[in-house]
Amino acid sequence: MIVFLMAMREEALPLIGYLGLQRSKQPTLFPVFRNGDTWLTVSGVGKVNAAAAATALFHVAQQARDAVWLNVGIAGHADLPVGTLRSAHTVTDRASGARWYPPQVLLAGIASSPLTSVDTPELGYPDESLYDMEGAGFYPAALRCSTAEAVQCLKVVSDTREHSVEHLSPRRIGELIDAHREAIADTGAALREATDSLRSARDTDPDVAALLTRHRFSVTQQRQLTRLAQRLAVRAPGQPLIDEAVARARSSRAVLRALQQRLDTLPMQLRTG
Amino acid sequence: MIYIEDALGGHPRAQRILARFPQATRVGCARYTEVFNPRAQNFRLQKRDPALLLAHKHRRLVLPAPPGYGIGGTHNYYFSHMLNCVYDCRYCFLQGMFRSAHYVVFVNYEDFATAIDSTLARHDGDHCWFFSGYDCDSLAYDPVTGFAEWALECFARRPRAHLELRTKSTQIRSLLAREPLPNVVVAFSFTPAGAHAALEHKVPSLNKRLAALRKLADAGWRIGLRFDPLIYSAGYAADYRQLFEQVFAAVPGSSVHSVSFGAFRLPRDFFKTLVSLYPREPLFAGPLDTAAATIGYRNDLEAELLDFCEVQLRDRVNADRLFRCLP
Ligand code: SF4
């Protein structure tokens, strides 16, 4: 799953169009757009809005873990060319001094810069940082929902010392994001592939669900069942979990015993398939 | 990406390392722990492209080695100039110990020397062993860290201190560049070809490591052979017999300082982390006793594996140089 969090409608429109997102009909605190497992929410400007929108979307999107969370938007910078796309390798909340370090492990191709989130627009651009108003609200909130590698801020330089923020029209904002829509979508897709591989590795056999309805398993036994099913899937790929012995078992304990016995008889190979 | 602790400023070793990566983005941080190991990091994802962290080690520079880690010495310690490893062995306990796969290099090597001196002072007149390959591979990242050159210089001046460099690498240039030291053992770890192919990702081939080992032995260095962890598989007997033949054919008996062996085992918490990172890994789906506090092979299999290897090794090395690693 990918979640895009954008502060302004003008920033969001190019991605909404490119990704074929539709306005969600669910009642939501913030506008939500969706196409399959790609979500986008428009938070409004500022850290509090960004944190609230991230939290709200987490619940709207069935609290999916290990999702990709991208805060995409415009940012100011002292002297980078207008239109430059950067990821944030640090996110600093200027008000509190808190700082986060998004791991830049899966962002090949996109150069990175520090990002400072401010409460009022920064017009002096005092250092080499990007300046926005959402990153430091979005990042810690999204970090509660996923793994740090998949939570990133992608910013397009919109204003600099030479190009004042006052000249930014809504149309221009849309154009700045639109110019990078492919790179942004590709980054999201690459991150999703990585996080999906974590999730699919943890998927359990549907037969586990069938066994859980057939017998009463304690919480500990459920964990044992899941792990035994995983181990059997690795050691004897393609073989059904419910064989004759398991089907005959009259209790949860007998099921676990039958599975363990089957596992014990399999030869140990270090490679499967 | 290279993260550098702000306080390191112009530390010459940090500067030397940075100079090797002129294109890398540099990011300052107050302490490396801000970047390394905070909540919500995934070792498996980070392993795809780990960053380098340059840091200063402030405390606990030299620590007592875990029981069962020694090779005949009475006082055993370890120290880590680095956390994590360029290789990716699926059984490696570092994956369970750290949430981050980034490489941390502590550049204040000289403080390790001070801590080694204080340790030696506590054991007046006695010899002490210092193991360097506990939280990393001692030599694999040596072209970057320059650790071996420093360590050899350090131990050359401390004859009462013994150093084990433990490695799966072939980075032996700094060793070959100088006269061998009688108080340094270069220990190579091996598993059979099947286990190597399935589990030791990015580790140089057995032949390349044997060639490196041979060069060191020819140059007069004392060699350690480490068969730890022993990995069980259906054909383990034939696999280990072949491995022992290959390894002992490559190194003259007179160069072998010590041989140690021990079965695969992991602290329970680490094991659970590894399973959650790699639930489809056959090693973790194997015949393990998952109820024990330390996870290892079922007792009967572990005993069979250990006994078999011990008999094989006794045929090849004197008992006083053979050590069974305790769990
Ligand atoms: S070589 Fe050693 S430290 Fe490196 S990954 Fe393998 S087991 Fe871990």
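What you see below is based on every heavy atom in this structure, not just the backbone, and it leaves out hydrogens, waters and symmetry mates. Letters A, B, ... are given to chains in the order of the sequence lines, protein chains preceding strands, and every chain is numbered from 1.
- Within the 4.5 angstrom heavy-atom criterion, atoms from both the backbone and the side chain of B/S233 approach chain A.
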Walk me through it: do B/M1 and A/H89 pass the test side chain to side chain contact (heavy atoms under 4.5 Å, CB included)?
CA-CA 9 Å; B/M1 178 83 48; A/H89 57 234; 4.0 Å; yes
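- Both the backbone and the side chain of B/F284 come within contact range of chain A, with heavy atoms under 4.5 Å apart.
- Proximity to chain A (any heavy atom under 4.5 Å) is restricted, for B/T290, to the side chain, taken from C-beta onward.
- Donor-acceptor pairing under 3.5 Å is lacking for the side chains of A/E149 and B/Q41.
- Of the two parts of B/A101, neither the backbone nor the side chain holds a non-hydrogen atom closer than 4.5 Å to a non-hydrogen atom of chain A.
- Expressed to the nearest 0.5 Å, how far CG of B/L283 lies from CE of A/M268 amounts to 6.0 Å.
- Proximity of a side-chain donor or acceptor of A/R231 to a complementary backbone N or O of B/G286 within less than 3.5 Å is detected.
- For the set B/V27, B/I231, B/T25, the entry with the most heavy-atom pairs within less than 4.5 Å of chain A is B/V27.
- Contact annotation for B/R99: neither backbone nor side-chain heavy atoms come within less than 4.5 Å of a heavy atom of chain A.
- Using a distance-only test at 3.5 Å, with no hydrogens or angles considered, no donor-acceptor pair links the side chain of A/R235 to the main chain of B/P282.
- For a residue to count as touching a neighbouring chain, one of its non-hydrogen atoms must lie under 4.5 Å from one of that chain's; by this rule B/L199 touches chain A with the side chain only.
- Both the backbone and the side chain of B/A195 come within less than 4.5 Å of a heavy atom in chain A.
- When the shell of 6.0 Å around CZ of A/R144 is examined, it contains 12 or fewer heavy atoms from other residues, nucleotides or ligands.
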Give the C-alpha distance, both sets of side-chain angles, the deciding distance and a yes or no for side chain to side chain contact (heavy atoms under 4.5 Å, CB included) between B/R44 and A/L198.
CA-CA 9 Å; B/R44 183 172 167 180; A/L198 296 181; 3.9 Å; yes
